[in-house]
*Asks:* 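My questions will all concern the structure given below.
Just so it is clear: chains get the letters A, B, ... in the order the sequence lines come, proteins before strands, and each one is counted from 1.
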Amino acid sequence: MSNDEVQSLRAEVARLTRQVAALEDAQQVRRVQFAYGYYMDKGLYQEVVDLFAEDGEVRFMGGIFRGKHRGVSRLYLDRFRTTFTHGRNAPAYGFMLEHLQLQDIIDVAPDRSSARGRFRCFMQAGSHTSKADRVGALPLQWWEAGVYENTYVRQEGIWRIQVLNYCLSWQAEYERGWAHSKPHAGPFFEKTYPEDPGGPDEILAQRPAFWPQTAVVPFHFPHPVTGRPHE
Amino acid sequence: MSNDEVQSLRAEVARLTRQVAALEDAQQVRRVQFAYGYYMDKGLYQEVVDLFAEDGEVRFMGGIFRGKHRGVSRLYLDRFRTTFTHGRNAPAYGFMLEHLQLQDIIDVAPDRSSARGRFRCFMQAGSHTSKADRVGALPLQWWEAGVYENTYVRQEGIWRIQVLNYCLSWQAEYERGWAHSKPHAGPFFEKTYPEDPGGPDEILAQRPAFWPQTAVVPFHFPHPVTGRPHE
Amino acid sequence: MSNDEVQSLRAEVARLTRQVAALEDAQQVRRVQFAYGYYMDKGLYQEVVDLFAEDGEVRFMGGIFRGKHRGVSRLYLDRFRTTFTHGRNAPAYGFMLEHLQLQDIIDVAPDRSSARGRFRCFMQAGSHTSKADRVGALPLQWWEAGVYENTYVRQEGIWRIQVLNYCLSWQAEYERGWAHSKPHAGPFFEKTYPEDPGGPDEILAQRPAFWPQTAVVPFHFPHPVTGRPHE
């Protein structure tokens with residue numbers, strides 16, 4: 001075996017190692033996001049928070065929640081867990097919040113330290129009529145759909161959520177459907193923490209579009225054929 | 001090329017071979033489960049049974065159906081095919097049983113002989129009003145959702161279903177939605193085969209939770225970030 | 001290192017290279033199809049057309065649209081964009097056409113020049129009541145489901161859609177559900193272009209089955225366990 005042949009074989013193995021790592025990384029990112037969906041279904045809010053990096057954040061309903069142990073915990077533990085499952089880290093009788101996760105497009109950075117992922121969420125949510133302690137502010141039963149454009153980081157070899165950016169597209173009461181959604185009904189955050197004890201650290205200057213308004217959630221990836229970035 | 005270098009290159013290639021096999025295995029498991037969904041849509045019950053290992057089993061509605069040619073065939077061929085498509089291995093006019101399969105989290109054992117897979121199913125089901133021979137026991141039209149925690153085995157290089165464990169989460173009549181599902185309405189099996197000719201080989205001691213009750217379907221995988229098993 | 005050992009290592013690396021390429025190809029095909037869904041959601045019809053090969057085609061509602069710059073553009077740009085978004089390549093106020101893409105089964109040809117993919121589409125569509133310029137021919141709000149059996153080609157290293165074959169399974173008005181879909185209501189194409197300015201280049205001799213009729217969309221892949229092709 002000549003030196004050139006050795007070099008060539010080594011280069012091929014190095015290239016394969018990079019390719020396989022990228023495929024595995026994308027699978028791990030999918031796993032993190034799909035687990036997020038399964039946890040959200042069942043009130044496992046501590047498990048949700050544990051998916052985040054220390055300096056992770058959530059963008060939700062026009063607010064930014066910063067820091068795993070501050071803003072992210074405030075949203076999932078103080079706000080959702082208190083409201084939806086009465087402070088228990090478990091599913092509540094007669095409360096539904098199904099988070100179907102699908103249609104992943106994932107791009108891992110060449111240095112394997114970060115990744116971007118677009119996912120879709122399709123939700124079935126609400127309360128059963130036999131539930132005594134219904135959450136007053138919520139519709140009895142509703143459909144919801146949205147798109148995530150998230151960022152993930154790899155730390156100590158483990159993929160975590162850096163930014164969960166949930167862009168709600170529409171909500172519709174089960175009884176009436178999306179043709180009759182109340183316009184401009186989005187429950188956007190108005191006040192920051194601590195004025196709102198479960199509020200965000202920052203209010204986004206521009207509120208996201210909400211059905212019947214429509215807007216494109218910016219794509220992190222270029223067009224797969226032309227290679228052009230989206231406007 | 002020194003002996004050490006040769007050893008190192010060989011080890012890298014061996015590692016890559018294992019990694020690539022695991023990625024391919026996971027894709028094959030997905031294919032088996034996704035094909036299951038497409039077959040269930042269309043009354044292709046023989047094709048469903050053919051996805052199982054010889055000693056495969058189904059856990060469904062509080063019963064266990066054992067053996068590809070015994071319990072599994074009894075459920076899909078004797079029970080479903082007879083009831084839903086009048087014994088024909090084909091879709092029936094005006095009968096719908098859409099089985100959307102999504103949100104896969106798959107773990108292949110290091111020895112490649114078995115795998116675990118969590119999937120979600122979201123269903124649209126029912127009969128068209130123009131269908132003369134409707135199935136009396138079924139609602140006219142309904143939504144259904146559930147989670148699978150399945151086991152797969154690799155035999156002769158081919159992945160098969162070892163245990164299909166379908167954990168139904170909720171059903172809802174189209175007209176009324178999940179806020180109004182009849183409580184405790186789950187059609188659980190009461191009798192075993194042969195007393196019930198299409199019944200299971202065993203009744204589970206504990207009945208699964210059924211909406212408006214809620215329960216976590218145990219996770220086969222540990223938390224993706226903390227690595228802790230779920231309770 | 002003996003010559004035999006060198007040969008064996010080279011063969012292993014060559015095999016790994018093929019396997020990894022097939023895994024990457026399947027991911028690229030998924031990306032193309034998933035991007036299709038995101039673009040269709042939002043009236044990005046030019047981006048949809050750009051996913052096709054030059055001689056690509058669409059099979060839709062009993063018609064064949066041939067050629068990226070002819071039939072495919074006629075369908076997406078002249079017909080859909082004009083009708084749905086008033087000629088703007090952007091989402092329209094109060095118009096919904098959500099294209100959830102899932103359940104992919106992808107097979108890449110050994111020479112990597114082409115691939116087949118089966119996907120499922122689940123749609124939420126319609127107009128908000130506050131929208132002044134509703135599309136008269138469409139229901140106010142509806143569910144839709146279908147299966148794609150598509151072909152993709154790889155040209156200049158880039159995967160493109162060769163044949164988008166959308167097999168609509170059912171539509172249902174939101175208010176009434178699929179038990180009450182109007183039978184034989186499929187909006188099949190009756191005339192070809194140019195007699196129908198947005199019509200297909202060819203009408204399929206046999207119209208596809210449409211709910212409450214049911215039919216199996218032929219599978220491009222053999223049964224994953226028995227290896228038998230489907231009838």
*Asks:* Testing the 3.5 Å rule here: is there a donor-acceptor pair between the side chains of C/Glu98 and A/Trp170?
*Replies:* yes

*Asks:* Closest heavy-atom contact between A/Trp143 and C/Tyr174?
*Replies:* NE1-OH, 3.0 Å

*Asks:* Under 4.5 Å heavy-atom distance to chain A, tell me which part of C/Glu47 shows up: side chain, backbone, both or neither.
*Replies:* both

*Asks:* Would you name the heavy atoms of C/Gln141 and A/Arg176 that are closest together and state the gap between them?
*Replies:* NE2-O, 2.9 Å

*Asks:* Side chain, backbone, both or neither: which part of C/Leu44 has an atom under 4.5 Å from a heavy atom of chain A?
*Replies:* side chain

*Asks:* What closest approach, in Å, do A/Pro212 and C/Ser130 show between heavy atoms, and which atom pair accounts for it?
*Replies:* CG-OG, 3.9 Å

*Asks:* So for C/Leu51, is it side chain, backbone, both, or neither that comes closer than 4.5 Å to the heavy atoms of chain A?
*Replies:* both

*Asks:* Taking A/Gln103's backbone N and O only, do any of them form a donor-acceptor pair with C/Gln101's side chain (distance below 3.5 Å, no angle check)?
*Replies:* no

*Asks:* Quick one: closest heavy-atom pair of C/Tyr93 and A/Thr214, and the distance?
*Replies:* N-OG1, 4.0 Å

*Asks:* Please flag which part of C/Gln33 lies under 4.5 Å from any non-hydrogen atom of chain A: side chain, backbone, both or neither.
*Replies:* neither

*Asks:* Below 4.5 Å from any heavy atom of chain A, which atoms of C/Phe52 appear? Answer side chain, backbone, both or neither.
*Replies:* neither

*Asks:* Quick one: closest heavy-atom pair of A/Ile105 and C/Ala35, and the distance?
*Replies:* CD1-N, 3.8 Å

*Asks:* Where the side chain of A/Trp178 meets the backbone of C/Ala125, is there a donor-acceptor pair that is under 3.5 Å apart?
*Replies:* yes

*Asks:* Does the distance from a Lys or Arg side-chain N to an Asp or Glu carboxylate O, for A/Glu5 and C/Arg10, drop under 4.0 Å?
*Replies:* yes

*Asks:* Which residues in residues 71-86 of chain C have a heavy atom less than 4.5 Å from any heavy atom of chain A?
*Replies:* none

*Asks:* So what's closer than 4.5 Å to chain A heavy atoms on C/Asp41: side chain, backbone, both or neither?
*Replies:* side chain

*Asks:* Given the rule in the side chain to side chain contact (heavy atoms under 4.5 Å, CB included) test, do C/Arg31 and A/Phe221 qualify, once you have shown the distances and angles that lead to the verdict?
*Replies:* CA-CA 10 Å; C/Arg31 172 180 297 252; A/Phe221 56 89; 3.7 Å; yes

*Asks:* Go through the atoms of C/Ala21 and report whether side chain, backbone, both or neither lie under 4.5 Å from a heavy atom of chain A.
*Replies:* neither

*Asks:* Report the distance from atom CG of A/Leu9 to atom CD of C/Glu12, rounding to the nearest 0.5 Å.
*Replies:* 10.0 Å

*Asks:* Select one option (side chain, backbone, both, neither) describing which atoms of C/Ser127 are under 4.5 Å from chain A's heavy atoms.
*Replies:* backbone

*Asks:* Okay, side chain of A/His180, backbone of C/Thr129: is any donor-acceptor separation there less than 3.5 Å?
*Replies:* no

*Asks:* I need the A/Gln213 CD to C/His128 NE2 distance, nearest 0.5 Å.
*Replies:* 11.0 Å

